[in-house]
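Remember, it's 1-based here, ligands and their atoms both numbered in the order they're listed.
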Amino acid sequence: MSNIEQTLSIIKPDAVERNLQEEIKIEFKNNGFEIINEKKIHISKEEAEKFYKVHESKPFYNDLCQYLSSGPIIVMKLQKENAVLENRKLMGATNPQDASDGTLRKKYGISIDKNSVHGSDSVENAKVELDFFFKD
Ligand code: UDP
Ligand code: MG
C-alpha cells in the first residue's frame, strides 16, 4: 500500500553560507523527493526558540537557537513515499562524524551543531513543523 508523506527539511545556515543549497536540493530530487514548497528565510532567535521548543531543557538549546537564526536558511516541504523516515536516512546521524557514507551530513556537515540539514523525526512532528513554516 502506498504511504505518501510530507516532511520538513531545513538547509541550515552553514550550508547556505557555503552556497550548497542547489547541490543539496539535487540530492533530494535524485533520491525521489518532490519539493512541494520552499522558501529562503532568515528567522529571529525568538522564532528559532519556538521551533526548537522540544529541546528547551537541553544544554545546547541556546546555542542551537542562536545558530539557526544566524543566517538565511532554506525551508522545504518534501514529499515521498515514507518521506519522514526516508529523509532521516538520507540525512544521516546528528553528528556528521557518526554519519554513514553517502548521507548528507557526512558529505556536507562540519560538526554536530553545523550539520547542514534538519529533518522532522516523526509524522506527527512533520505536521507541526510544516505548519510552523508553511501555514496556508
Ligand atoms: N545539537 C547540538 N549538540 C548536541 C545535540 C544536538 O548542537 O549535542 C544540535 C544539532 O544541530 C541537531 C539539533 O541540535 O541537529 C537538534 O538535535 P536533535 O537531537 O533533534 O538531532 P536531529 O534530529 O537534528 O538529528
Ligand atoms: Mg530532531
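In the candidate list T94, I10, N95, V54, T94 is nearest to atom 25 (O) of ligand 1, counting heavy atoms.
The closest side-chain donor-acceptor pair between Y67 and D14 falls under 3.5 angstrom. For the residue pair K45 and N62, a side-chain donor N or O sits within less than 3.5 Å of a side-chain acceptor on the partner. Side-chain contact check for E49 and Y61: no donor-acceptor pair (N or O, by modelled atom type) lies under 3.5 Å.
Assignment of R88 to the shell around ligand 1 is supported, since a heavy atom sits closer than 4.0 Å. By the 4.0 Å heavy-atom criterion, N115 is counted among the residues contacting ligand 1.
When each of V117, L68, D113 is tested with K12 by the rule side-chain contact (heavy atoms from CB on, under 4.5 Å), just one qualifies, namely L68.
Interface atoms of ligand 1 facing D113, defined by a heavy-atom separation under 4.0 Å, are 7 (O), 11 (O).
Contacts with ligand 1 closer than 4.0 Å are made by heavy atoms of both the backbone and the side chain of I112. The part of K12 lying near ligand 1 is the side chain, judged by heavy-atom distances below 4.0 Å. When non-hydrogen atoms are compared, ligand 1 lies under 4.0 Å from the side chain of H55 (C-beta onward) but not from its backbone. Residue L64 touches ligand 1 through its side chain alone, judged by heavy-atom distances below 4.0 Å.
The shortest N/O to N/O separation between H118 and ligand 1 does not fall below 3.5 Å.
A salt bridge does not link E46 to K50: none of the charged side-chain nitrogens sits closer than 4.0 Å to a carboxylate oxygen. Ion pairing between E38 and K25 holds under the 4.0 Å rule for side-chain N and carboxylate O. For the pair E34 and K29, the salt-bridge criterion is not met [side-chain N within less than 4.0 Å of a carboxylate O].
Protein heavy atom nearest atom 24 (O) of ligand 1, with residue, atom name and distance: R105 NH2, 2.9 Å. The protein atom (non-hydrogen) at minimum distance from atom 5 (C) of ligand 1 is F60 CE2, 3.4 Å.
Ring geometry for H118 against Y52 counts as perpendicular: the plane angle is over 60°, on a 0 to 90° scale with 30° as the lower cut.
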